[in-house]
Structures are given as C-alpha cells and as structure tokens.
Amino acid sequence: MSNFIETIRQKVAIYKLESQHKKAPRKKRMHNLKTAQSAGILYDATDDRNLKVVKELINELKDANITSEALGFIDKKKRDDNYIGDSTYTFACRSDFSFFYALKNDALQEFVNKPFHLLFILVDKQPFAIDYLGQLSKAEFKMGKAGLDNELYDFMIELKNESDTSELKKQIIRYLKLINN
C-alpha cells in the first residue's frame, strides 16, 4: 500500500481516537510493583524472540502477585497456525483492524477496555497498530521505550539503539521497584 494512503488511514484513525479520548478520558495513576494488581503487555509478536521476553515478564509479575495478560501484534495479514491464544496470551494481526484501524476482534476490544494498573509496551520499533492499541488502552500507567511515541507513555526508558525488548523489560522492572507511591 502506498505511503500516501497509509498516512491518510493513520490520520483518520488518530482523529477518531482523539474524539474518543475527549468523550471518555482514561484515569491516570502511577503504580509500582507493590501497588499494582494487574498488568497488560503489548508487544511485537512478529519476532519470536519477544514471546520469550514476555513469558519471563509474566513470571516475574506473577511472583509479585500481579495478574497479567499479553497481546502480541503480528505484522502480517493473517495469523499463522502457531499463534494460538489463551486466557493469558492473545494475538492480533492486520486483518483484526478495519481500513481505518477500528477494532474488528472482540478480544482486542476487551484488552484495551481493561483498566490495567500497568501497561508494558515492549517494542523496539512501534508499528502503528501497536501504537493505536496503546493509545486506546484504559490502563492507568503506560510504560515503554523513549523516542517512539512520547504522548503515549506515562513512563519512558531511554535505551541505546542496539538494545532489545529484553533490556527494556529489565529496565522497566528495575525502575518499578524503585518507585515509591
């Protein structure tokens, strides 16, 4: 698809998103690993290595008595058969969005409507779909890599360019342990 058409799609999606935010703004609140009870994780499932990082994060959160759910975006038109979701893991692909990025999948709608205490956005590069899902999310405290979408995050981690999602996860957990509420 040409860049011009993709740009128009994104601008329309952002316009619709901004009008939704005006009607129902999200509740922002800072949390740490002691105050949080729930966490959502958005990540790029196109790279198989990220699933390992997400599984580690879910185990760390479980040890801290934080329930978690992960939503992986696969930057393909259709999901492969090896992406099977359950109550903890959900997967989305391009076909789960309308032309103007409206959500066509009930599982996506449920994920963004949950008022998670924490939302981890574990990406090196941010596909528009992940950015859009992060913007739609009702999570109270959103965290991710600095320099991707500074308006999306409540808490950003500055990393070297060659850093991966594993390092981002480590740094977010490190700072969440240091934050006192």
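These values consider heavy atoms only, across backbone and side chains, with no hydrogens, waters or symmetry-generated copies. Since we're looking at a predicted model, the values are computed, not measured.
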Test of understanding: with side chain to side chain contact (heavy atoms under 4.5 Å, CB included), list the residues that count as partners of [X], not counting sequence neighbours.
X: A64; result: I66
X: K170; result: S166, E167
X: K114; result: E69, F116
X: I157; result: F155, L159, L168, Q171, I172, Y175

If every non-hydrogen atom of [X] is compared with every non-hydrogen atom of [Y], which pair is closest and at what distance?
X: F111; Y: A70; result: CE1-C, 4.3 Å
X: Y132; Y: A13; result: CE1-O, 3.6 Å
X: I121; Y: G134; result: CD1-CA, 4.3 Å

Quick one: list whatever passes salt bridge (Lys or Arg N to Asp or Glu O under 4.0 Å) with [X], sequence neighbours left out.
X: K28; value: none
X: K55; value: none
X: E110; value: none
X: R174; value: none

Could you give the distance from [atom1] ([X]) to [atom2] ([Y]), rounded to the nearest 0.5 Å?
X: L71; Y: L108; atom1: CG; atom2: CG; result: 5.5 Å
X: Y153; Y: L119; atom1: OH; atom2: CG; result: 9.0 Å
X: K34; Y: L176; atom1: NZ; atom2: CG; result: 12.0 Å
X: H117; Y: S38; atom1: NE2; atom2: OG; result: 4.5 Å
X: I41; Y: L61; atom1: CD1; atom2: CG; result: 5.5 Å
X: D47; Y: K125; atom1: CG; atom2: NZ; result: 8.5 Å

Task: Geometric cation-pi criterion, R9 with Y101: 6.0 Å, 45° - done: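 Checked: cation-pi criterion met.
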
- [ ] Just jot down the side chain to side chain donor-acceptor pair (under 3.5 Å) partners of Q10, sequence neighbours excluded, or say none.
- [x] E6

[X] (side chain) donor-acceptor with [Y] (main chain) under 3.5 angstrom:
X: T67; Y: Q37; value: yes
X: T7; Y: N3; value: yes
X: K142; Y: S137; value: yes
X: N59; Y: E56; value: no
X: N32; Y: I179; value: yes

A side-chain contact here means heavy atoms from C-beta on lying under 4.5 Å apart; do [X] and [Y] qualify?
X: L118; Y: M143; result: yes
X: F91; Y: I74; result: yes
X: N105; Y: Q109; result: no
X: L133; Y: F128; result: no

Open item on the list: Between K145 and V123, is the side-chain contact (heavy atoms from CB on, under 4.5 Å) condition met? List the steps.
Closed with: CA-CA 7 Å; K145 184 176 178 181; V123 291; 6.0 Å; no

TODO: List the steps and the verdict of side-chain contact (heavy atoms from CB on, under 4.5 Å) for I5 and F99.
DONE: CA-CA 10 Å; I5 293 172; F99 186 75; 3.8 Å; yes

Open item on the list: Is it true that T46 and D75 share a donor-acceptor pair across their side chains at a distance under 3.5 Å?
Closed with: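 No, because no side-chain N or O of D75 sits under 3.5 Å from a partner of the opposite role on T46.
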
TODO: Before giving the answer on side-chain contact (heavy atoms from CB on, under 4.5 Å), spell out for T165 and D124 the whole-Å C-alpha distance, their side-chain angles and the decisive distance to 0.1 Å.
DONE: CA-CA 6 Å; T165 54; D124 292 326; 4.0 Å; yes

Task: Charged N-O contact under 4.0 Å between R29 and D154 - done: no

Open item on the list: Can you tell whether the side chains of K169 and E60 come within less than 4.0 Å, N to carboxylate O?
Closed with: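 The answer is yes: the pair qualifies as a salt bridge.
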
TODO: Could you list the residues that satisfy ring pair (Phe, Tyr, Trp, His ring centres under 6.0 Å) with Y43, not counting sequence neighbours?
DONE: none

Open item on the list: Using the ring pair (Phe, Tyr, Trp, His ring centres under 6.0 Å) criterion, which residues pair with F120? Sequence neighbours excluded.
Closed with: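 Ring pair (Phe, Tyr, Trp, His ring centres under 6.0 Å) check on F120 returns nothing, list empty.
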
Open item on the list: Under the criterion side-chain contact (heavy atoms from CB on, under 4.5 Å), I'd like the reasoning laid out for L103 against L136: C-alpha separation, chi angles, the key distance, then a yes or no.
Closed with: CA-CA 10 Å; L103 304 181; L136 277 176; 3.8 Å; yes

